[in-house]
Amino acid sequence: MSDFTTRPEIRGTFGVVASTHWIASAVGMGILERGGNAFDAAVATGLALQVVEPHLNGPGGDLPVIYRRADSDETRVICGQGTAPKGATIEKMRELGLRLMPGSGLLATVVPGAFDGWMKLLEEHGTMSLAEVMEPAIYHAREGHPVLARVANTIAGLGEFFSEEWPSSAEVFLPGGDAPEPGALFRNPDLAATYQRIVDEAEAASGERAGQIAAARSIWSDGFVAEAICDYLAEAEVDDGTGLRHRGVLASDDLSGWRAREEAPLSLDYHGWTVFKTGPWGQGPVLLQALAILRGIDLASMDPCGAEFVHSVIEAMKLAYADREAFYGDPDFADIPMDVLLSEDYAASRRALITDRASLEQRPGKIPGYEHLAEAAITRAATDFGVDATRSVEPTMAHLTERRGDTVHLDVIDRWGNVVSATPSGGWLQSSPVVPGLGFPLNSRAQMFWLEQGVPAALRPGARPRTTLTPSIATDGTRWLSFGTPGGDQQDQWQLIWFLRFVHHGGNLQANMDSPLFHSTHFQGSFFPRKAEPGHMLIEPSFAPEVIEDLRGRGHIVEVTEPWAIGRLSAALREPDGILRAAATPRLMQAYAVGR
């Protein structure tokens, strides 16, 4: 790997924060400077990202966190992924004439889980008060921040739609009737007031830190926030990308008492590293499956920017993602054969399918007793659902349109060795109308359910949608690594490429982050309109021309993107001697790592 970097790898011993926006990274570092730990800093960073990247995440969205406590060496997952409402049934959607869940609007809303997920992390592992960690987000919402060009352009592209169809969104994002200019000071006073009221009511409810955080969680699920959401949903009917107007089905008893939960991660050993991911309610296990397949291929001998490396990784990802579509879903509601999917015997059988030619087939695995799920996934991938693809809201990257949403990511390590990796998303300004008075929209995460009985990702009341959100932590027994990226279906692809280069070819964190990236769109997409593009892949033009031609000669359908158009990775690492390292992608010119 080249030692060239676009910016220095951050190194220190006190603490590091990396996120997808420089303001949020500075917020997290400020919390560490004031004596907070990694959990306090992660919460403050996450809440700040809701303010400065509202096109990528919001309070009404969702949150997976993987963390490691220094005092226990235990790695755990917090699932802040809200569940489907009681009224969200396949029968209900069929009655409305739907074949797919909408990609935006109110019908696709599940319980908003991000806020409670952050509060759970703060309550159980943080040290600072509710007011201290919420203050930076309140400040930037009230006093303003220089709005990103991509945020401004997204709002401008939706301005007419907001004015005509989602007037509550126009009130927040079109102040004075106009979209903000790139770099202009942008405020969200309604969101500032919402968060300040939560703090005020929580402090009035208890004089103790823990009591205040518990009160904030109740205020969200049963207090004025829940009341405002339910009052709005009781009457609102909005355009949701189907060409029709629908009401939401989220109700007060769905919100009341819902809480984020903690659970064990899944893990896999790869060349001396143990990698931790969420369960199959997220897409995280696909990275583990791809590692298991690639564990038997000599990647270390390959040029990490060469055609053989790209081909091997792409073909492994196709196989892992095919299994995602067939077998993943909420394990509370479906029997998911994860033991088989992560076994060496199964990985070897999948590895044997990789040849020197690009596969153009969807090939989920053949697991006894689960054959019907594989067949159903193959059928879905070949189905034309008859939807207008121009209304898609698929999260993606710079090579696609400004109107599409995405995700954010953060990594934090403190001087004590606590590690946090989190990938918040949902509740984008494009996803759903702003709830009047609250300053934020709800999510559209239910679009990831299938309206098909008997499959693991089928729509069911109380089930978690199988999301693409997938933070990562890894350890070699002495070092601890936190990493991740936004990017929808691409998240585990970009992370996989980065991690493989890190393990097999060294280089510092930033050098690997600056290296050219690629990804596949071969498999079924997770977002409306759920299309698959067999054999299709995207690659940055910084790959050598002969590499691109070699890939085309193997049968890949290669689309070369604009320069620096793929991936928004960040990472942080703790060495055995206490040295901390961090890096963030230069792509889009907004992610930043800070530390000392």
Side-chain angles (χ1 to χ4, degrees), residues 1-12 16-22 24-25 148 150 287 299-300 302-310 313-314 317 396-399 406-411 413 421 423 471-472 474 479 481-487 490-520 537-548 551 558-573 575 579-595:
M1 299 295 295
S2 169
D3 291 329
F4 168 81
T5 60
T6 57
R7 55 180 72 164
E9 180 187 77
I10 300 300
R11 297 195 178 203
V16 290
V17 182
S19 85
T20 48
H21 195 292
W22 68 88
S25 298
L148 293 168
R150 288 185 65 80
L287 187 142
L299 296 180
M302 299 179 187
D303 176 354
C305 292
E308 190 69 23
F309 177 88
V310 175
V313 173
I314 283 279
M317 291 191 298
T396 183
M397 266 290 295
H399 48 279
D406 204 335
T407 301
V408 298
H409 181 78
L410 62 93
D411 301 290
I413 305 179
S421 179
T423 311
S472 300
R479 293 177 289 175
L481 175 67
S482 168
F483 60 105
T485 179
Q490 287 79 54
Q491 288 181 30
D492 280 306
Q493 300 192 64
W494 299 334
Q495 290 183 62
L496 175 67
I497 297 161
W498 182 88
F499 181 71
L500 290 170
R501 288 169 171 167
F502 171 76
V503 171
H504 292 299
H505 300 283
N508 68 36
L509 304 184
Q510 189 66 48
N512 284 320
M513 211 153 280
D514 293 348
S515 297
L517 287 169
F518 56 90
H519 66 258
S520 172
M537 64 171 290
L538 288 85
I539 192 166
E540 290 186 314
S542 44
F543 278 92
E546 56 268 26
V547 170
I548 294 170
L551 293 167
V558 181
E559 177 182 344
V560 180
T561 70
E562 293 298 313
W564 299 101
I566 296 179
R568 293 182 63 206
L569 289 151
S570 68
L573 176 68
E575 300 282 7
I579 289 179
L580 305 177
R581 301 161 55 188
T585 184
R587 295 164 176 88
L588 300 190
M589 299 295 288
Q590 62 190 65
Y592 244 88
V594 296

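On a predicted model such as this, the values are computed, not experimentally measured, just so you know.
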Pairing residues for [X] by the side chain to side chain contact (heavy atoms under 4.5 Å, CB included) criterion, not counting sequence neighbours:
X	answer
A591	A584, T585
T6	F4, Q510, D514, W564, P586
P541	V560, T561, P563
L580	V16, I413, R574

Beyond-backbone contact of [X] with [Y], side-chain heavy atoms, under 4.5 angstrom:
X	Y	value
H21	V408	no
C305	F543	yes
L500	F309	yes

Quiz item: Has the side chain of R587 got a donor or acceptor atom that lies under 3.5 Å from a matching backbone atom of R568?
Solution: no
Practice problem: Please confirm whether the backbone N or O of F499 pairs with a side-chain atom of N512, one donor and one acceptor, at under 3.5 Å? | Solution: no
Quiz item: Does F502 have any ring-ring contact (aromatic ring centres under 6.0 Å, His included) partners at least two apart in sequence or in another chain, and if so, which?
Solution: W273, W498
Taking salt bridge (Lys or Arg N to Asp or Glu O under 4.0 Å) as the test, write out the residues that go with [X], two or more places apart.
X	value
E9	R11, R581
R7	none
D492	K277

Spacing of [X] atom [atom1] and [Y] atom [atom2] [to the nearest 0.5 Å]:
X	Y	atom1	atom2	answer
H505	M302	NE2	CE	8.5 Å
L569	L517	CG	CG	6.0 Å
T20	H409	OG1	NE2	8.5 Å
H519	E559	NE2	CD	8.0 Å
R150	Q590	CZ	CD	7.5 Å
E540	I566	CD	CD1	5.0 Å

Self-check item: side chain to side chain contact (heavy atoms under 4.5 Å, CB included) evaluation trace for I314 with L551
Solution: CA-CA 10 Å; I314 283 279; L551 293 167; over 6 Å; no
Practice problem: Could you walk me through whether M537 and Q493 pass side chain to side chain contact (heavy atoms under 4.5 Å, CB included), step by step? | Solution: CA-CA 11 Å; M537 64 171 290; Q493 300 192 64; over 6 Å; no
Would you name the heavy atoms of [X] and [Y] that are closest together and state the gap between them?
X	Y	result
A474	F483	CB-CE2, 4.2 Å
A583	A18	O-CB, 3.8 Å
I497	F518	CD1-O, 3.2 Å
I10	G595	CG2-N, 3.6 Å

Quiz prompt | Side-chain donor-acceptor contact under 3.5 Å, S19 with S25 | solution = yes
